[in-house]
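The next block holds one structure in the form of structure tokens; read it before the comments.
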Amino acid sequence: MSERRKPYPFDLLEPKWQAVWEERRPFHAPNPGEPGFDPTRPKYYVLDMFPYPSGSGLHVGHPEGYTATDIVARYKRLCGFNVLHPIGWDAFGLPAEQYAIRTGQHPEITTRENIARFKMQLKRIGFSYDWEREISTADPDFFRWTQWIFLQIYHSWFNPETRRAEPISTYTGTDPDDVRLAFVATVPVNWCPELGTVLANEEVIDGKSEVGGFPVVKRPMRQWMLRITAFAERLIDELDPLDWPEGIKLLQRNWIGKSEGAGVDFVVAEEDTIITVFTTRPDTLYGATYMVLAPENPLVDQLTIKEQRDAIAAYRAQVSAKSDLERTDLAKEKSGVFTGAYAINPASNERIPIWIADYVLMGYGTGAIMGVPAHDERDLEFAQKFGLAILEVVQPPGDATATGCTGDGVAINSPLIDGLTTPDAKRKIAAWLEEQGLGRRTINYKLRDWLFSRQRYWGEPFPIIWRDGKHEAIAESELPLVPPPLDDFKPTGTGEPPLARAKDWVRYSEAATRELNTMPQWAGSCWYYLRFCDPGNGERFVGHEAERYWMMGPTSGAGATNEGAFPRQSPAEAPLPSAVRPGSGGVDLYVGGTEHAVLHLLYARFWHKVLFDLGHLSTAEPFQRLVNQGIILGEDGRKMSKRWGNVIDPLDVIAEYGADAFRCYEMFMGPLEQMKPWSMTGVEGVSRFLARVWRLAMEENQAGEWVLSESVAEVEPSRVQLKVIHTTIKKVSEDIEALSFNTAIAQMMIFVNAFTSPGRTASPGPGNAPVPGAGFGVSPKQSSAAGEDAESAQVRGGGTPSPAGETRALPGGDRSVPVSALRTLLVLLHPFAPHLTSELWETLGRRFPVSPNEITDQPWPEYRAEFLVEDEVEIALQVNGKVRDRVTVPITATNPELETIARNNPRVQEFIAGLAIRKVVVIPKKLVNVVAN
RNA sequence: GCCAGGGUGGCGAAAUUGGCAGACGCGCCAGACUUAGGAUCUGGUGGAGCAAUCCGUAGGGGUUCAAGUCCCCUCCCUGGUACCA
């Protein structure tokens with residue numbers, strides 16, 4: 001069987017237009033001050049989460065979000081915006097390094113090859129990226145600024161007074177190293193022996209590495225940390241005004257995990273040691289019948305009595321041998337050991353035993369808790385297992401006999417607060433504790449400081465050297481600090497990074513050596529969106545003007561400055577930096593997968609706030625509007641994977657149906673944010689739609705060449721056509737704004753159906769009844785063979801193109817396609833199917849010239865409400881809520897008139913016969929409901 | 001366990017403020033044109049019934065003239081999270 005004929009010549013016109021865009025660069029957005037920049041236009045920054053260029057190339061998940069943003073970008077350009085729509089490469093990363101370990105090929109080469117493949121694929125889909133802004137995080141011109149930003153962080157501290165990052169020079173304490181936002185600490189870290197590196201908490205899933213699924217163990221190591229916890233409060237608060245999915249905001253809030261409570265001091269009996277615990281329920285203090293320390297808590301050694309030392313030591317050894325996975329796995333059964341020591345409950349003055357147990361974590365709160373078994377499930381389980389006292393101190397509301405209340409209630413058995421409701425009791429006991437100097441109100445966060453160093457080769461080296469056991473920054477002039485050449489990228493196995501192998505590079509001077517760690521992959525993605533504003537800047541990470549323009553929009557007057565920035569005169573009265581004004585700050589639209597909800601999006605917000613505080617940026621938040629695309633499943637409804645053999649390659653789809661069909665199908669599948677399965681027949685359906693658009697304008701001549709159809713004529717659209725046109729303009733515009741691309745395409749299908757099927761809406765009335773066999777879409781050959789029908793003057797559109805052209809469609813005939821309607825459709829469809837519409841626009845312009853003749857320069861059409869209204873409307877007549885008839889009435893019909901029509905309707909009367917009418921509900925333009933019984 | 005988001009034809013899905021459920025597409029059925037059709041066009045297509053009509057938005061209750069939409073309970077699916085005191 002010969003190759004199937006293409007429904008329209010996308011295989012020719014798509015490469016043609018891609019070449020045109022390559023050459024003319026219509027999507028390049030000049031910066032303020034550059035030639036071609038138009039300051040009168042508003043800006044719109046629409047961003048994709050840039051890809052890691054993996055070896056397997058693009059899959060259909062990438063183009064889903066990319067198509068959505070491309071549609072918005074093209075739409076906004078047509079609407080008159082200066083649109084920043086860039087793409088780049090998250091190019092540092094583990095896969096290229098592991099490939100290097102296996103094959104010896106340098107990661108840089110692998111990365112370059114992968115980028116080339118990704119880029120080719122993206123271009124084949126016809127995305128309107130501004131390729132002049134392409135960046136790669138592994139490019140020294142890029143990562144020199146990643147290193148520079150690290151130095152800004154290193155040279156800063158968080159001033160609790162102003163609640164901002166400030167230059168370290170403003171710190172007046174003894175040792176600046178205690179407060180730097182980038183600091184070194186020896187901490188128990190997630191060490192992955194297989195990967196030979198440590199991982200951030202966020203990169204460990206169920207005790208295994210997120211990448212590769214290898215076991216991860218806790219191990220104390222000296223690491224670089226970033227003090228993200230200082231920003232916990234602001235990272236939560238400034239989330240509120242952002243236009244993000246509520247679910248993602250919640251995910252971040254939960255990750256940061258703010259909880260308000262009190263620190264309470266317990267004195268160890270017969271000693272003057274104080275153990276502070278954190279509790280969210282200070283009102284249950286009287287019910288604290290024991291105390292538990294984390295096994296790692298340093299106080300344990302000091303407290304443990306002689307008789308218990310062996311047991312304690314054994315338990316601690318047992319706990320430390322467990323991986324995270326085991327520790328959480330064994331969570332079902334509580335375990336612990338008594339230290340032999342006692343503490344005094346500050347409220348009741350009771351002696352309570354001090355235990356250690358692994359259900360208390362060293363990393364949260366103070367690493368010690370008060371056990372209130374009556375009102376905490378975990379404490380109860382523990383107390384029951386070890387026979388500890390249980391004392392009820394909260395009575396649940398409503399039921400005086402119930403026990404084990406973990407929610408709010410009324411305090412009992414608590415002399416200071418008896419009878420108070422939980423909120424009141426909390427307040428009173430906290431005030432009492434503060435008065436007595438026994439405690440204080442405290443806020444705790446689950447968020448930990450960000451473990452920022454990795455023992456890898458393929459990442460940004462730290463711009464840090466070590467001298468006499470102390471770290472210091474290298475000069476900015478020494479940036480970029482590029483990784484040394486290596487031919488062995490394997491982990492050393494000792495925890496020492498592979499960079500240690502580059503002996504010459506490591507030796508910085510007689511007395512100093514370089515830091516051997518590299519930054520994690522997140523580093524580049526923390527600020528790449530800023531670099532896009534000004535990718536070629538050799539002086540700064542981003543130019544002030546470019547940053548201000550693309551992140552904030554055109555500034556009005558000279559007063560537009562970074563209001564919240566350091567330095568500030570009166571820190572005492574300084575409010576938190578005001579959150580971004582809705583709709584006016586940062587990236588206007590950011591689209592990507594949910595997998596980055598707490599990692600990339602939290603880290604990037606953190607860096608952004610530091611840079612904002614230091615006066616480098618104009619907005620406090622980077623991403624104003626965030627949308628997550630849903631994942632695309634295989635045709636079998638399973639996750640796409642090699643294992644199931646259900647992976648769809650975009651290039652295969654494009655080869656068979658074209659890029660426009662691929663784009664439109666991805667958008668037509670269903671709501672962007674929803675998970676949905678792929679369907680090849682679905683692609684075919686969309687491809688048919690595009691072919692109908694093509695044939696609306698084009699027909700084949702005798703030679704089998706596509707030429708502009710004779711039926712396309714400069715005629716006025718009919719009233720019915722105008723309604724379809726303007727309904728479509730309205731729907732498509734609103735749907736693109738709302739990112740409801742599937743319904744926008746559906747409406748354009750309705751448009752095309754209306755213009756291709758005379759029987760539907762385009763030609764109403766008996767006089768325009770379709771002629772059998774003379775449908776517009778009939779192919780030329782068939783029409784010629786259609787005998788007498790072909791001779792009929794009724795035949796339009798089909799064209800019966802005789803070689804000499806004697807049989808012409810009559811201009812203005814009822815089957816004509818008005819040029820204006822076609823043009824409107826082409827502009828509306830252009831963001832979705834840019835190649836097809838560009839070609840048709842150009843072809844149309846040869847017979848019906850317009851200026852300018854570039855579809856990319858056309859204005860987005862505006863709908864006119866006057867064409868949407870109807871003269872008549874169909875009303876449903878209901879009896880007791882069931883539709884019994886429909887009548888068409890003038891739009892002007894009044895409610896009483898409608899009621900009369902309904903009452904007199906024979907069908908209605910049939911159903912209310914013998915019943916009494918109780919009520920008649922009239923909904924104008926919709927229905928009349930007669931209620932009778 | 002907890003948190004979030006979902007359950008609508010054979011399938012993907014539509015459906016302002018509660019107001020004619022199933023737009024649009026796929027698939028399927030029939031027809032037209034064809035040497036042919038996996039092309040194109042036309043018509044049909046939620047279920048049951050000859051029909052009038054009845055039943056239908058996970059299941060059960062409720063509010064209402066009217067519920068996919070609002071309220072209560074239950075079940076199922078997807079994602080996140082996991083002793084955070």
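Since this is a predicted model, take the numbers as computed values, not measurements. The sequence lines fix the lettering, A, B, ..., with proteins before strands; numbering per chain opens at 1. Side chains included, hydrogens not; waters and symmetry mates left out as well; all remaining heavy atoms used.
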Please tabulate the protein-to-nucleotide N/O contacts below 3.5 Å involving nucleotides 26-30 of chain B, giving atom names and distances.
{"residue": "C26(B)", "atom": "OP1", "partner": "Arg688(A)", "partner atom": "NE", "Å": "3.1"}
{"residue": "C26(B)", "atom": "OP1", "partner": "Arg688(A)", "partner atom": "NH2", "Å": "2.9"}
{"residue": "C26(B)", "atom": "O2'", "partner": "Thr681(A)", "partner atom": "OG1", "Å": "2.7"}
{"residue": "G27(B)", "atom": "OP2", "partner": "Arg688(A)", "partner atom": "NH2", "Å": "3.1"}

Pair assignment for U8(B), Watson-Crick or G-U wobble, requiring both distances under 3.5 Å: none

What pair of heavy atoms forms the shortest contact from Ala597(A) to Leu251(A), and how long is it? CB-CD2, 3.6 Å

To the nearest 0.5 Å, what is the distance between CG (Leu898(A)) and CG (Leu877(A))? 8.5 Å

If you look at every strand shown and take non-hydrogen atoms under 4.0 Å, does Pro245(A) touch a base, only sugar-phosphate, or nothing? nothing

Is there a Watson-Crick or G-U wobble partner for A13(B) with both distances under 3.5 Å, and which nucleotide is it? none

Does A85(B) have its OP1 or OP2 closer than 4.0 Å to a side-chain nitrogen or oxygen of Tyr364(A)? yes

Of the options G25(B), A13(B), U81(B), whose atoms approach the side-chain atoms of Asn742(A) most closely? A13(B)

Which is true for Arg907(A) with a 4.0 Å heavy-atom rule: it touches a base, it touches only sugar-phosphate, or it touches nothing? sugar-phosphate

Taking the side chain of Leu250(A) as heavy atoms from C-beta outward, which of C24(B), C3(B), A14(B) is closest to it? C3(B)

Which is true for Thr594(A) with a 4.0 Å heavy-atom rule: it touches a base, it touches only sugar-phosphate, or it touches nothing? nothing

Applying the Watson-Crick and G-U wobble criteria at under 3.5 Å, what pairs with U63(B)? Answer none if nothing qualifies. none

Partner nucleotide of A32(B) by Watson-Crick or wobble geometry (both distances under 3.5 Å): U40(B)

Where along residues 916-933 of chain A does a heavy atom fall under 4.0 Å from RNA chain B? Lys919(A), Val921(A), Ile923(A), Lys926(A), Leu927(A), Asn929(A), Val931(A)

From A85(B), G12(B), C55(B), nucleotide with atom closest to Lys882(A) side chain: C55(B)

Pairing partner (Watson-Crick or G-U wobble, both distances under 3.5 angstrom) of C54(B): G47(B)

Using a cut-off of 4.0 Å on non-hydrogen atoms, how would the nucleic acid contact of Arg884(A) be classed: base, sugar-phosphate, or nothing? sugar-phosphate

Anti or syn - G9(B), cut at 90° from 0: syn

Within the structure shown, what part of the strands sits under 4.0 Å from Phe911(A) by heavy-atom distance: base, sugar-phosphate, or nothing? sugar-phosphate

Nucleotide paired to C2(B) in any strand shown, Watson-Crick or G-U, under 3.5 Å: G80(B)

Less than 4.0 angstrom between a side-chain N/O of Gln747(A) and OP1 or OP2 of A23(B), yes or no? no

Donor-acceptor contacts, no H, no angles, side chain residues 919-932 of chain A, under 3.5 Å, sequence neighbours left out:
{"residue": "Asn929(A)", "atom": "OD1", "partner": "Asn880(A)", "partner atom": "N", "Å": "3.4"}
{"residue": "Asn929(A)", "atom": "OD1", "partner": "Gly881(A)", "partner atom": "N", "Å": "2.9"}

